[in-house]
Amino acid sequence: MAWFQHKSIRSTLVFWFLIVSLIPLSIFVSIVYFQIVASIKKEAFHKLVGIRDLKVQLLTGWLRERKADINKCAVDNEARSIEKILNGTHSEQDTAKQKDIIRYELEQFSTYYKAYHEIFILHPVSGRVEISTDISQEGQDRSTDPYFTETMRSRKFYIKDIYHSKTIHETAMTMSVPIFALNNPTQITGILVARIVLDHLYGLLSQRIGMGDTGETLIVNKDAVALNQLRFHDDAPLNLKIKAQPAVNSAQGKTGITEAVDYRGEMVLAAYTSIPITRWGIVSKQDLKEIYYPIRGLFKNIVILLIVTIVSICISAYILARRVSSPIIKMAKISKKIQEGDMSIRNQIVMPNELGLLANTLDNMMDSVVERGNELDKINKQLVRKEKLATLGQLAGGVGHELRNPLGVISNSIYFLKMLLPDADEKVKEYHNRISAEIERSTEIISDLLDFSRTKPINREEVQFTDLLDKALERLPVPKNIKLKAATPSDLSNLFVDPKQIGQVLLNLLSNAYQAMPEGGLLTISALADKQNVNISIADSGTGISSENIDSVFEPLFTTKARGIGLGLALSKDLVTANNGSIQVKSEEGKGATFTVTFSGVYAFALPIWI
């Protein structure tokens, strides 16, 4: 074979060096490429299945909470006393009074749980609305509605699927349960029906963390009709029948994951299953082109890597064939040390040829690798923190909701005790007030937890800082033992922020300042403006923050106080950041602390006026 023969040893060495090097390299790169592709696909599959299962868990939990609420209300003695009204043994005055009592209990239940638009009780024979939290609906005939007929037929809890309510003119769903007589547990004395607000349900589905720019979760009924708002279709609930195979399969009670065409005609990866309690189908999906985008980037990088490698091999073969061996050996030793983990070592080869260029390039590449490694480590820490915050938010929301139930029972009990014992002695009243105060404090802690766990929309508007400050001081007055010194510019331009969120930040900072000065002190509030920024400072002369704690004050659940759970400053930082601002703290232990909130893009010239 003539093409194996070369006129020079240099050409022969280069040829065989390329053959021996490129064939194994190509095989290795191909194996690595397909392994990485398989890994990316597997990771995408697991991610969507995990999101699907999490959504199912959240929705099932939400439905079970609603069911527990309704069952709890149905067995309440006040609700079960409906039989006294229906048996006709009371006078009209007593009947009206008893209805008012039951209506009040239903209204209290609806107000406390905030998940119900209307709660009403139907007559077990006529199906007429006897008592409702919406008095205008009392007397309405609901005898043909499934939540009456099906509940009477089955004598069990019943869920009416999501439908368009003619009463509230929006989508809703209802749950109903029979009310049994106090003295006869087999006799139905009424049907308790609750029309549920779907905002929280839709909120659970609209959270798309980890689903990129094209991912979403949808639920369908048994006819594969969409029940929630979709990312790429307006007015979808009850109006869009989805023919995509994942939606059809989930509506039929099947479980799986597949690549298919969605309702837009786009290829997606979809994980689907069903929710037995409502017979809904649920699908979590994401566009394939977004999921497999890293594969295209990987292929491009591999091609570039192969090209660079081929060029390097050619250069190395040429230099080796010519005369240079010692620099290659030296570079091999350097590479070995780098492989062993010594990232600081460099070639330090100075040559006016390709070997010198190669050595310098390798050094620069190592510098880039070290720099990018540091950057990736920083990004990884940020991602870990975000994941922790997301997990903490979910936990906070669940814990807050679960704690409200027992607090509500205690609060109602104290209320009834006060009603039953209006002439109690002062010691009893003092304990009543103490319990009420502790309930209020516990409720505030729960509100902090829920505020931290919820993602609230930002409603920015032009607002004056002095108005925000006045409202905050009105809600949280300065203690008598603390002197207030405030300075604001006379012509300070308006801030473009969410007044409720920034007002909450001011309340948190004022509360911390008051607590830092239990024995009294000086509270200084100032605002300085220039062409770029508005800086708002709140400084106290209290105990200050130690150097080992100052980097942790904005971390969730960090606190050095005996009371509190450490969410105020973490929430304040998130709210300020959400309003395009920043917050910093300066402090020395024993010398007070200064919190500075900065908002950019505000133009103002003014001199401070001391008040």
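Values in this document were obtained by computation on a predicted structure and should not be read as measured data.
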Q: Could you walk me through whether Asp69 and Phe109 pass the side chain to side chain contact (heavy atoms under 4.5 Å, CB included) check?
A: CA-CA 9 Å; Asp69 293 345; Phe109 186 89; 3.6 Å; yes
Q: Cut-off 3.5 Å, side chains only: do Ser250 and Ser274 have a donor facing an acceptor?
A: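 The criterion, which ignores hydrogens and geometry beyond distance, is not satisfied for Ser274 and Ser250.
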Q: Is there a side chain to side chain contact (heavy atoms under 4.5 Å, CB included) between Thr258 and Gln245? Walk through the geometry before answering.
A: CA-CA 9 Å; Thr258 185; Gln245 197 60 42; 5.9 Å; no
Q: Start with the C-alpha distance between Lys47 and Gln286, add both sets of side-chain angles, then the distance that settles side-chain hydrogen bond (donor to acceptor under 3.5 Å, both in side chains), and finish with yes or no.
A: CA-CA 11 Å; Lys47 181 188 71 174; Gln286 189 176 2; 3.0 Å; yes
Q: Would you check, one step at a time, whether the test salt bridge (Lys or Arg N to Asp or Glu O under 4.0 Å) holds for Lys41 with Glu43?
A: CA-CA 5 Å; Lys41 290 185 177 182; Glu43 181 181 355; over 6 Å; no
Q: Please give me the minimum heavy-atom distance between Asp287 and Thr214, naming the atom from each residue.
A: N-OG1, 3.2 Å
Q: Step by step, would you call Lys97 with Asp100 a salt bridge (Lys or Arg N to Asp or Glu O under 4.0 Å)?
A: CA-CA 5 Å; Lys97 183 177 180 181; Asp100 289 340; over 6 Å; no
Q: With a 3.5 Å distance limit and no angle check, can you tell me whether Asn221 reaches the backbone of Asp223 through a side-chain donor-acceptor pair?
A: yes
Q: Side chains of Trp62 and Ile196: closer than 4.5 Å at any heavy-atom pair?
A: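 Side-chain contact under 4.5 Å: yes.
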Q: Assess whether side chain to side chain contact (heavy atoms under 4.5 Å, CB included) is satisfied between Ile119 and Tyr116, documenting all intermediate values.
A: CA-CA 7 Å; Ile119 302 176; Tyr116 305 99; 4.1 Å; yes
Q: I want to check something: taking the side chain as every heavy atom from C-beta on, are Tyr147 and Ile191 in contact at a cut-off of under 4.5 Å?
A: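 Answer no - side chains too far apart.
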Q: Given the rule in the salt bridge (Lys or Arg N to Asp or Glu O under 4.0 Å) test, do Asp498 and Lys500 qualify, once you have shown the distances and angles that lead to the verdict?
A: CA-CA 6 Å; Asp498 187 318; Lys500 291 184 179 179; over 6 Å; no
Q: Report the C-alpha distance between Thr171 and Leu238 in whole Å, list the side-chain angles of each, state the deciding distance to 0.1 Å, and finish with yes or no for side chain to side chain contact (heavy atoms under 4.5 Å, CB included).
A: CA-CA 8 Å; Thr171 54; Leu238 301 177; 3.9 Å; yes
Q: Rounded to the nearest 0.5 Å, what separates atom CD1 in Ile282 from atom CG in Asp53?
A: 9.0 Å
Q: Heavy atoms, side chains only, cut-off 4.5 Å: are Leu54 and Gln57 in contact?
A: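 They are in side-chain contact.
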Q: Between Lys222 and Gln252, does any side-chain donor sit less than 3.5 Å from a side-chain acceptor?
A: no
Q: Taking the six-membered ring of Tyr158 as reference, does the NZ or CZ atom of Lys156 fall below 6.0 Å from its centre and within a 45° cone about the axis?
A: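 No cation-pi geometry.
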Q: Kindly compute the distance separating CD1 (Ile36) from CD1 (Ile302), expressed to the nearest 0.5 Å.
A: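 Reported to 0.5 Å precision, the distance equals 6.0 Å.
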Q: Spell out, as yes or no, whether a donor-acceptor pair under 3.5 Å connects the side chain of Ser110 to the backbone of Leu106.
A: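 Checking the backbone N and O of Leu106 against the side chain of Ser110, no donor-acceptor pair under 3.5 Å is found.
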Q: More than 12 non-hydrogen atoms from neighbouring residues, nucleotides or ligands closer than 6.0 Å to OH on Tyr293, yes or no?
A: no
Q: How many angstroms lie between CZ in Arg64 and CG in Leu59, if you round to the nearest 0.5 Å?
A: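 That separation rounds to 11.5 Å.
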Q: State, to 0.1 Å, how close Phe180 and Arg80 come at their nearest heavy-atom pair, and which atoms those are.
A: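 Phe180 and Arg80 have their closest heavy atoms at O-NE, 3.0 Å.
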Q: Identify the two heavy atoms, one from Val268 and one from Leu288, that lie closest to each other, and give their separation to 0.1 Å.
A: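 Looks like C-CG, 3.8 Å.
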Q: Does the Arg231 side chain pair with the main chain of Gly215, one donor and one acceptor, at a distance under 3.5 Å?
A: yes
Q: Drop me the distance from Thr133's OG1 to Gln108's CD, to the nearest 0.5 angstrom.
A: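 Thr133 OG1 to Gln108 CD: 12.0 Å, rounded to 0.5 Å.
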Q: Flag the pair Leu122 / Val129 as yes when at least one side-chain heavy-atom distance between them is below 4.5 Å, and no otherwise.
A: yes
Q: Considering only heavy atoms from C-beta outward, does the side chain of Ile162 approach that of Leu201 to under 4.5 Å?
A: yes
Q: Taking side chain as C-beta onward, heavy atoms only, is Arg128 less than 4.5 Å from Arg142?
A: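 They are not in side-chain contact.
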Q: Ile291 versus Lys285: any side-chain heavy-atom pair under 4.5 Å?
A: no
Q: To the nearest 0.5 Å, how far apart are CG in Leu507 and CD1 in Ile502?
A: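 Leu507 atom CG to Ile502 atom CD1 measures 11.5 Å (nearest 0.5 Å).
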Q: For a quick check under 3.5 Å, do Gln504 and Asn508 share a side-chain donor-acceptor pair by atom type?
A: yes
Q: For Thr151 and Ser176, which heavy atoms make the closest approach, and how far apart are they?
A: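 Here Thr151 and Ser176 meet closest at OG1-OG, 2.6 Å.
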Q: Hey, what do you get for CE (Met211) to CG (Asp213), rounding to the nearest 0.5 Å?
A: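 One finds 12.0 Å between CE of Met211 and CG of Asp213.
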Q: Would you find a donor on one side and an acceptor on the other, under 3.5 Å apart, between the side chain of Ser39 and the backbone of Gln35?
A: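 Checking the backbone N and O of Gln35 against the side chain of Ser39, no donor-acceptor pair under 3.5 Å is found.
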Q: Looking only at side-chain N and O atoms, does Ser132 offer a donor or acceptor that is under 3.5 Å from a partner on Gln137?
A: no
Q: Under the 3.5 angstrom rule, does the side chain of Asn579 hit a backbone N or O of Gly581 as a donor-acceptor pair?
A: no
Q: If I compare all heavy atoms of Ala74 with all of Val177, which pair ends up nearest, and what's the gap?
A: CB-CG1, 3.4 Å
Q: Using the salt bridge (Lys or Arg N to Asp or Glu O under 4.0 Å) rule, take Arg279 and Asp161 through it: C-alpha gap first, then chi angles, then the decisive distance, then the call.
A: CA-CA 9 Å; Arg279 292 183 295 177; Asp161 207 348; over 6 Å; no
Q: Check whether any side-chain N or O of Ser126 sits under 3.5 Å from a backbone N or O of His123 as a donor-acceptor pair, and report yes or no.
A: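 Not a single qualifying donor-acceptor pair exists.
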Q: Is there a donor-acceptor pair closer than 3.5 Å between any side-chain N or O of Lys55 and the backbone N or O of Leu204?
A: yes
Q: Would you confirm whether Asp76, through its side chain, and Lys72, through its main-chain N or O, come within 3.5 Å as a donor-acceptor pair?
A: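 No.
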Q: Is there a side-chain contact between Glu216 and Arg208 (heavy atoms, below 4.5 Å)?
A: yes
Q: Work out which heavy atom in Pro178 is nearest to a heavy atom in Phe157; give both atom names and the distance.
A: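 Smallest heavy-atom distance, with atoms named: CD-N, 4.3 Å.
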Q: Name the residue from Leu205, Leu227, Asn228 that meets the side-chain contact (heavy atoms from CB on, under 4.5 Å) definition with Leu218.
A: Asn228
Q: Using atom types as modelled and distance alone, determine if a side-chain donor or acceptor of Glu118 lies under 3.5 Å from a backbone N or O of Arg195.
A: no
Q: Do side-chain atoms of Thr189 reach the backbone of Ile179 as a donor and acceptor pair under 3.5 angstrom?
A: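 Here the side-chain-to-backbone pair exists.
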